[in-house]
Amino acid sequence: MPDEPERLRQSLEARLAIEPEVARLAAHRATQAQLQELRVAHEALHPGLSLPEAVEADVNFHRTLVRASANEVFCLVLETLSDLGRASRQATITQAGVQRALRHHQSVLEAVLNRDGAAAARAMRHHIEMALEDLQSHLEGQRNRVER
């Protein structure tokens, strides 16, 4: 396996390949109970949380969404990436803050609630693409601090 920064980048690339489809499927397949769980998971992430709490709330939103997709293989794959996902979320939340994740999650949630699979996929793609950019910025900042 590559070093940690490379593993984090690769895990986000894997999520980028999977999670837009997860969001699309959730928009079409989620039960009313799962939609409510997704709302609750979204509301659990807020600016007053500590970094570890924010990371867990973020993970839970994505975990709730993948369960709503009704695809057990996606559940298994994303659960396998969960430790790397926590590490990348620590970096991206540190870099961009909780507010960006909240805005992105809100866009995904609204699309899923409206049963608009295409919009849900677009919103999730945008969310993960921004996370990749945030991760890269965070890693560059770390390298610059070490070089000084």
Side-chain angles (χ1 to χ4, degrees), residues 1-27 30 34-35 37-113 116-148:
M1 281 296 281
D3 63 2
E4 183 180 38
E6 184 63 12
R7 283 193 313 269
L8 297 180
R9 184 188 61 76
Q10 289 179 16
S11 74
L12 276 171
E13 288 176 348
R15 289 179 56 207
L16 183 60
I18 296 168
E19 289 199 58
E21 181 62 11
V22 163
R24 186 188 72 75
L25 291 173
Q34 288 170 325
L35 294 174
E37 289 173 18
L38 194 57
R39 281 188 198 98
V40 170
H42 173 65
E43 291 167 3
L45 181 62
H46 56 83
L49 298 175
S50 69
L51 181 58
E53 291 169 330
V55 166
E56 288 308 312
D58 189 279
V59 167
N60 190 53
F61 178 82
H62 289 265
R63 183 178 285 140
T64 303
L65 187 66
V66 74
R67 282 194 308 261
S69 77
N71 185 307
E72 291 298 319
V73 173
F74 282 159
C75 290
L76 290 170
V77 169
L78 291 174
E79 194 59 38
T80 300
L81 295 173
S82 65
D83 287 340
L84 289 171
R86 282 179 179 81
S88 69
R89 284 174 174 94
Q90 285 180 339
T92 58
I93 290 172
T94 297
Q95 183 67 30
V98 171
Q99 290 294 346
R100 180 183 289 173
L102 281 171
R103 286 191 311 272
H104 292 175
H105 288 187
Q106 182 67 39
S107 295
V108 172
L109 176 63
E110 288 174 7
V112 171
L113 292 174
D116 187 340
R122 279 191 308 275
M124 183 59 76
R125 174 166 296 285
H126 177 71
H127 177 48
I128 306 282
E129 287 172 344
M130 293 296 96
L132 267 164
E133 287 182 21
D134 293 339
L135 176 65
Q136 194 61 38
S137 294
H138 178 79
L139 294 173
E140 287 173 15
Q142 281 186 326
R143 275 193 297 273
N144 291 339
R145 282 190 291 281
V146 168
E147 291 172 0
R148 289 182 207 179

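Closest of all the heavy-atom pairs between Ser69 and Val22 is CB-O, 3.6 Å. Among all heavy-atom pairs drawn from Glu19 and Ile128, the shortest one is OE2-CD1, 4.0 Å. Across Leu81 and Ala14, no two heavy atoms sit closer than the pair CD1-CB, 4.0 Å. When every heavy atom of Ala120 is checked against every heavy atom of Ala111, the shortest pair comes out as N-CB, 3.3 Å. Here the closest heavy-atom approach between residue Ala17 and residue Pro20 is recorded as C-CD, 4.4 Å.
Here the OG1-CZ distance, from Thr92 to Arg89, works out to 7.5 Å after rounding to the nearest 0.5 Å. Atom OG of Ser11 sits about 11.0 Å away from atom CG of Leu16, to the nearest 0.5 Å. The structure places OG of Ser88 at 12.5 Å from CD of Gln10, a figure rounded to the nearest 0.5 Å.
Side-chain contact check for Leu109 versus Leu38: some heavy-atom pair is nearer than 4.5 Å. Arg9 has its side chain out of reach of Leu139: every pair of non-hydrogen atoms, C-beta onward, lies at least 4.5 Å apart. Looking only at side-chain heavy atoms (C-beta outward), Thr94 and His138 come within less than 4.5 Å of each other. Under the 4.5 Å side-chain criterion, counting only non-hydrogen atoms from C-beta, Arg100 is in contact with Asp134. Between Glu129 and Glu133 there is no side-chain heavy-atom pair separated by less than 4.5 Å. The side-chain heavy atoms of Val98 and Ile93, taken from C-beta on, include a pair separated by under 4.5 Å.
Judged by distance alone, with hydrogens and angles left aside, the side-chain atoms of Glu53 form a donor-acceptor pair with the main-chain N or O of Ser50 at under 3.5 Å.
With sequence neighbours excluded, the residues satisfying side-chain contact (heavy atoms from CB on, under 4.5 Å) with Ala123 are Ser107, Val108. Residues forming a side-chain contact (heavy atoms from CB on, under 4.5 Å) with Thr80 (at least two apart in sequence, or on another chain): none. Judged as a side-chain contact (heavy atoms from CB on, under 4.5 Å), and not counting sequence neighbours, the contacts of Ala118 are Asp116, Arg122. With sequence neighbours left out, the side-chain contact (heavy atoms from CB on, under 4.5 Å) criterion links Arg86 to Val55, Glu56, Val59, Arg63, Ser82, Asp83.
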- Determine, step by step, whether Gln95 and Leu135 satisfy the side-chain contact (heavy atoms from CB on, under 4.5 Å) criterion, reporting the C-alpha distance in whole Å, the side-chain angles of both residues, the deciding distance to 0.1 Å, and the verdict. CA-CA 7 Å; Gln95 183 67 30; Leu135 176 65; over 6 Å; no
- Message: Please evaluate residues Leu65 and Met124 with respect to the criterion side-chain contact (heavy atoms from CB on, under 4.5 Å), reporting the C-alpha separation (whole Å), side-chain torsions for both, the decisive distance (0.1 Å), and the verdict.
- Response: CA-CA 11 Å; Leu65 187 66; Met124 183 59 76; 3.3 Å; yes
- Give the intermediate values and the outcome of side-chain contact (heavy atoms from CB on, under 4.5 Å) for residues Leu84 and Leu8. CA-CA 6 Å; Leu84 289 171; Leu8 297 180; 4.0 Å; yes
- Item | Check against side-chain contact (heavy atoms from CB on, under 4.5 Å), Gln34 and Thr64 | CA-CA 8 Å; Gln34 288 170 325; Thr64 303; over 6 Å; no
Donor-acceptor contacts, no H, no angles, side chain residues 40-47, under 3.5 Å, sequence neighbours left out:
unit_1: His42; atom_1: NE2; unit_2: Gln106; atom_2: OE1; d: 2.7
unit_1: His46; atom_1: ND1; unit_2: Gly48; atom_2: N; d: 3.3

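Among residues at least two apart or in separate chains, ring-ring contact (aromatic ring centres under 6.0 Å, His included) pairs with a member in residues 84-109 are Phe61-His105, His62-His105, His104-His126, His104-His127, His105-His127.
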